[in-house]
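Okay, so here's the structure we're looking at.
A, B, ... follow the sequence lines: proteins, then strands. Residue 1 opens every chain. FYI, side chains are in, hydrogens and waters are out, and symmetry mates aren't considered; it's all heavy atoms of this structure.
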There are 2 protein chains.
Amino acid sequence: MANISDVAALAGVSTATVSRALNGKATVDPELSARVLAAAEELGYRPNGPARNLRKQETAVLALIISDVENPFFTAIARGVEDVAHAAGYSLVLCNSDDEQAKEREYVDVALQERVAGVLLSPTGNADTAELLERHTTPVVAVDRPLPNGRSDTVLLNNRPAAKEAALHLAERGYRRIGCLPGPSGVLTADERLAGYRDGLRAAKLPSSTSLVRRSRFKAEGARDSARSLLTQEPPPDAVLVANNVMAVGVLETLAELGLRPGRDVGVLAFDDAPWTTLLDPPLTVVSQPAYDMGAMAAQLLLDRLASPGGAPTTQTLSADLVVRGSTTR
Amino acid sequence: MANISDVAALAGVSTATVSRALNGKATVDPELSARVLAAAEELGYRPNGPARNLRKQETAVLALIISDVENPFFTAIARGVEDVAHAAGYSLVLCNSDDEQAKEREYVDVALQERVAGVLLSPTGNADTAELLERHTTPVVAVDRPLPNGRSDTVLLNNRPAAKEAALHLAERGYRRIGCLPGPSGVLTADERLAGYRDGLRAAKLPSSTSLVRRSRFKAEGARDSARSLLTQEPPPDAVLVANNVMAVGVLETLAELGLRPGRDVGVLAFDDAPWTTLLDPPLTVVSQPAYDMGAMAAQLLLDRLASPGGAPTTQTLSADLVVRGSTTR
DNA sequence: TTGTAAGCGTTATCAC
DNA sequence: GTGATAACGCTTACAA
């Protein structure tokens, strides 16, 4: 592949001039500049990224490490990040940690090695990763969940109030034994949604019981098992609050298997407003998270941090909206 | 950030020895090696990627450029690619072209500049991109759609027979005016699905008419408009074949707005088996594409090409499965 | 087995 | 306004 010397030779100038011309520096003769551009075009010259990054000690690449590429919530975040990053001249690379601490660790390692300008991360809760990032100077923004040590810019959702509102809504609709599938223990979003759910039950003066809660991974598979175990006990719950849209798929499948109709037999309320939620019969009542905005805001925070490295980390908390549909109507 | 000289100084050896120790070369004294490892650990040393890539003239990174991160079909491909790449020691970076030729062009440019080891691409049909890639030596594999010039390894689906089978299924179920939303004109997958649909109508001796076809982007929005225009004409179609799962969302929304029930009023059959298709009432009949396998196969093809650069490009074609559910039962 | 030093392709500093 | 040249941090002959 052609390098800067090839271009210089063809244009009959020095490599310094090629570099200046190609980077649009003011101080270069228009005629030479034209010759350089023509030569570069002819050779299909593309500057060597690694060499440039090495010399400049910086890259125009951001890394976004999310826990599930197949979850629309995270892909919406990715779009938000990408639009803002792109507008500022940064490329975005996406990495999928699968909610596994080892994979997350590995991708953070790669990002640090490649000296990306900054990292956006929805942390699995791996303390190693947090420590790793803290020891290095690469700016980090946590999205959706905070880093264990909490010493970074962070964009969160007000999970606890949102879950409380959701539980209260179920209570108002006349459901009396409300179950909850909050997601995995130890993940803050899950723990907060569980706490909010309990807040709601308390406020509605409904009995709270551990037998109404099942922890599982944020996956359809785990939710299927949890839902089956929850709904086949005696007495069964008459409603269920589900922590995300992927789990909601598993829950709804289980309801269908058990011959239970959402709303009439069992109230169903899930976090995340996926595109298919309105297609169901009855349509799904959801807690809609501003995923795109969370991504955009996180990217902006990172760009700000790159522009002015000093200063204390900030935490932005966005609000979710309860969108009432048919699955919470008896 | 600590560099190799810092480690060398702390361990009391030369940079060469540090490099050899850290890269597990055999010829290094165990005691020195231990000292190096300890020093590297203490300093939180992480080799500078750009410097290493520059020196070695190679990277262990693959780029996957897909046209829609929010489409489960493409994220499933991404998982297939990632698993295979990861097992072979490569990192995967994901880029989202949004089905826009300019963005695709830009990401290919970035990939070439960064000297990634190889590129996987579901092309938008941009001839520029194809030419760009051809002029450089970076290996490329096309997934789901071929490159315009067709001179690369390629993994495809047998779209035309699959669409024909789908159309025939609708005919067998007694639908007589079968419409089609094949996706954008000029995109091969869309054009092939349209051709297969016409094959099916011909085989079933049903009338084919351009008034039964609406072209649009592979998006819910476009499909909504197309479906409305298709279904409100006189006489309306009694079934519709939809080219992907994202469009299917738009079509199903439109049916609901028009008060039409899938299956009974209008037969609905869509490409892609998204997780939510079984939750609908009636559940959606689909053409299930082996997306994960397509990704895994494409990654393998790329790895093979990296291992042995010579040889003619191959094209692998996978088969889709018709999964019959309720939306094609009257 | 270890160290010295060249070189990967850029950009930036310095003379001219 | 342009050209030589040093430097970025690493790996790898080659020498010791």
- Item | Test item: A:Asp83 side-chain N/O and A:His86 main-chain N/O as donor-acceptor pair under 3.5 Å | no
- Task: Classify every nucleotide of nucleotides 6-16 of chain C by which part a protein heavy atom approaches to under 4.0 Å, writing B for the base, S for the sugar-phosphate alone and - for neither, in 5'-to-3' order.
- Result: BBBBBBBB---
- Query: With sequence neighbours excluded, what pairs up with A:Gln101 under the side chain to side chain contact (heavy atoms under 4.5 Å, CB included) test?
  - Reply: A:Thr124, A:Asn126
- Task: Quickly work out the A:Asp29 CG to D:dG1 P distance and round it to whole Å.
- Result: 8 Å
- Query: Taking OP1 and OP2 of C:dG3, is either one under 4.0 Å from a side-chain nitrogen or oxygen of B:Thr17?
  - Reply: yes
- Query: When you look at A:Gln300 and A:Asp304, which way does the side chain to side chain donor-acceptor pair (under 3.5 Å) test go after all the steps?
  - Reply: CA-CA 6 Å; A:Gln300 194 54 55; A:Asp304 293 349; 3.1 Å; yes
- Query: Any donor and acceptor pair, going by atom type alone, linking the side chain of B:Asn53 with main-chain N or O of A:Pro50 inside 3.5 Å?
  - Reply: no
- Task: Output yes when a side-chain donor or acceptor of A:Arg35 lies under 3.5 Å from a complementary backbone atom of A:Ala11, and no otherwise.
- Result: yes
